[in-house]
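Beneath this line is the structure, given in structure tokens, with notes to follow.
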Amino acid sequence: MRPSAIAYVYIAPAFALLLFVLFSPVLYGFWFTLFRIEYGAPTDFVGLGNYVRLMEDPSLLPTLGRSGVFTAACVVFTIMIAMALAIWINRLPARTAFIVQMVVIVPWIISAVVATLLFRWVFVNDIGVASYVIQLLGFDAMQPLNNPTGAMVLLVAVSVWKRIGYAVLVLLAGLKSIPDDYDEAARIDGANNWQIFRMITLPLLKTPLLLIAIVLTLSTFNTVETPLVMTGGGPGDATRILAMDIYERAFTNYDLGSATSLAIVMFAGNILLVMSYVRLARWQA
């Protein structure tokens with residue numbers, strides 16, 4: 001037996017266990033959706049009936065649209081701000097850079113519920129800190145959580161603030177791996193800062209950027225804590241996204257059939273998102 005075949009034999013049990021742990025809930029969930037669910041237990045076989053009922057729900061497409069806007073805004077703004085911070089930190093003296101990194105990473109390591117509650121306490125209607133400061137300056141009290149656009153902006157802001165530490169650390173590690181000789185040679189040839197960034201730094205950060213984009217997209221698209229704590233999906237349905245829709249279907253309306261069906265659809269969507277990122281970037285591991 002070849003050495004490579006022996007290696008596969010040794011890793012096969014661990015790989016099989018990993019597949020079981022990762023995909024058995026998905027397979028069970030799909031089996032669950034093929035039945036009518038009453039009091040949390042499957043009863044009559046309905047085939048794809050739960051999926052048909054889900055697709056006929058008129059609220060699904062608007063919720064999907066809000067989820068797409070929310071995810072895209074969070075990913076774009078997080079990457080842009082993180083890139084600027086990483087480049088700035090990379091140019092600081094070592095001790096100052098260490099202190100700034102510790103400050104930037106704090107939002108990432110704290111609980112998502114705690115981070116969201118902090119924002120809600122600042123911007124809550126009438127009695128929030130932001131409204132109090134604005135009233136001291138002579139302006140009318142702000143009520144962003146009562147405004148659909150304002151509520152979505154706050155939702156994006158807290159999500160970006162929460163995840164920016166992770167993006168900065170990954171990008172900073174990528175910047176540290178780029179030899180200084182590249183920058184010096186480009187400057188000798190007369191390149192300016194923008195040309196160096198566009199032609200040297202950005203292409204060499206392709207892999208870290210792809211990793212960040214995938215992780216941020218999946219974590220944002222599947223988040224439920226932030227909208228649930230920050231806005232509760234309101235005002236109206238202005239900030240109701242797919243993950244929160246699943247939560248409400250399952251634990252508020254007790255419609256476990258459509259909730260599980262939507263969860264399976266979202267799982268398939270997550271796989272397609274990852275494949276699309278990798279395909280568009282033409283990146284191979």
Side-chain angles (χ1 to χ4, degrees), residues 4 7 67-110 112 115 118-119 152-223 226 269-285:
S4 59
S67 301
V69 171
F70 170 67
T71 302
C74 289
V75 172
V76 170
F77 284 116
T78 302
I79 291 178
M80 290 175 58
I81 298 172
M83 179 68 77
L85 285 174
I87 293 174
W88 173 60
I89 294 172
N90 192 45
R91 296 175 179 175
L92 294 175
R95 181 173 298 180
T96 306
F98 176 78
I99 295 173
V100 175
Q101 288 178 64
M102 293 301 101
V103 174
V104 170
I105 202 177
V106 167
W108 180 44
I109 62 178
I110 65 176
L118 288 174
F119 268 75
M152 181 59 77
V153 169
L154 285 182
L155 206 59
V156 171
V158 67
S159 298
V160 170
W161 181 76
K162 178 71 177 68
R163 293 170 173 82
I164 201 167
Y166 165 77
V168 168
L169 288 183
V170 175
L171 288 174
L172 193 57
L175 288 171
K176 295 291 186 183
S177 67
I178 300 176
D180 295 335
D181 296 345
Y182 295 175
D183 184 275
E184 295 173 1
R187 293 190 184 280
I188 291 173
D189 290 338
N192 56 35
N193 290 334
W194 169 246
Q195 291 172 327
I196 293 173
F197 173 76
R198 184 169 60 90
M199 303 300 295
I200 297 177
T201 305
L202 202 56
L204 292 175
L205 290 177
K206 183 179 180 180
T207 300
L209 283 172
L210 178 62
L211 173 63
I212 292 170
I214 292 174
V215 171
L216 290 180
T217 299
L218 296 183
S219 64
T220 305
F221 188 71
N222 295 291
T223 187
T226 302
N270 289 333
I271 300 298
L272 290 176
L273 281 172
V274 174
M275 293 175 62
S276 299
Y277 267 123
V278 175
R279 179 64 179 170
L280 289 174
R282 296 180 181 179
W283 175 80
Q284 294 182 350

Requested in this report: Look up atom CZ in Phe197 and atom CD1 in Ile87, then write down how far apart they are to the nearest 0.5 Å.
Outcome: 4.5 Å
Query raised in the report: Just wondering, do Lys176 and Asn90 contact through their side chains at under 4.5 Å, heavy atoms?
Result: yes
Query raised in the report: Would you find more than 12 non-hydrogen atoms of other residues, nucleotides or ligands less than 6.0 Å from Met102 atom CE?
Result: yes
Query raised in the report: With a cut-off of 6.0 Å (strictly less than), are more than 12 heavy atoms of other residues, nucleotides or ligands near CG of Asn192?
Result: yes
Requested in this report: Mark yes or no for whether Thr220, through its side chain, and Thr217, through its backbone, hold a donor-acceptor pair below 3.5 Å.
Outcome: no
Query raised in the report: Stepwise, does the side-chain contact (heavy atoms from CB on, under 4.5 Å) test hold for Leu202 with Met83?
Result: CA-CA 10 Å; Leu202 202 56; Met83 179 68 77; 4.0 Å; yes
Query raised in the report: Looking at residues at least two apart in the chain, or sitting in another chain, which of them share a side-chain contact (heavy atoms from CB on, under 4.5 Å) with Ala185?
Result: none
**Report entry** Criterion side chain to side chain contact (heavy atoms under 4.5 Å, CB included) against Val104, the qualifying member of Ile99, Val168, Leu169
**Finding:** Val168
**Report entry** Approximate separation, where rounding is to 0.5 Å, of Ile164 CD1 and Leu85 CG
**Finding:** 5.0 Å
Requested in this report: Quick one: list whatever passes side-chain contact (heavy atoms from CB on, under 4.5 Å) with Ala157, sequence neighbours left out.
Outcome: Phe119
**Report entry** Worked verdict on Tyr182 versus Ile196 for side-chain contact (heavy atoms from CB on, under 4.5 Å)
**Finding:** CA-CA 9 Å; Tyr182 295 175; Ile196 293 173; over 6 Å; no
Query raised in the report: Is there a side-chain contact (heavy atoms from CB on, under 4.5 Å) between Cys74 and Arg163 once you walk through the steps?
Result: CA-CA 9 Å; Cys74 289; Arg163 293 170 173 82; 5.9 Å; no
Query raised in the report: What is the minimum heavy-atom distance between Pro203 and Ile200, and which atoms define it?
Result: CD-O, 3.4 Å
Query raised in the report: Short question: side chain of Ser219, backbone of Leu216 - any donor-acceptor pair under 3.5 Å?
Result: yes
Query - Side chain Asn222, main chain Leu218, donor-acceptor under 3.5 Å - result: yes
Requested in this report: Rounded to the nearest 0.5 Å, what's the gap from OG on Ser276 to CD1 on Ile214? Could you check?
Outcome: 10.0 Å
Query raised in the report: Going from CG on Asn193 to CG on Asp183, what distance comes out if it is rounded to the nearest 0.5 angstrom?
Result: 8.0 Å
Query - Sub-4.5 Å side-chain heavy-atom contact between Val100 and Trp88 - result: yes
Query raised in the report: So how far is it from Phe70 CZ to Leu155 CG, rounded to the nearest 0.5 Å?
Result: 4.5 Å
Query raised in the report: Are Trp161 and Leu118 close enough that some pair of their side-chain heavy atoms sits under 4.5 Å apart?
Result: yes
Report summary line: d(Ile89 CD1, Leu172 CG) to nearest 0.5 Å is 6.0 Å
Requested in this report: Kindly determine whether Gln101 and Leu92 satisfy side-chain contact (heavy atoms from CB on, under 4.5 Å), including the steps that lead there.
Outcome: CA-CA 11 Å; Gln101 288 178 64; Leu92 294 175; over 6 Å; no
Report task. Mark yes or no for whether Lys162, through its side chain, and Trp108, through its backbone, hold a donor-acceptor pair below 3.5 Å. Result -> yes
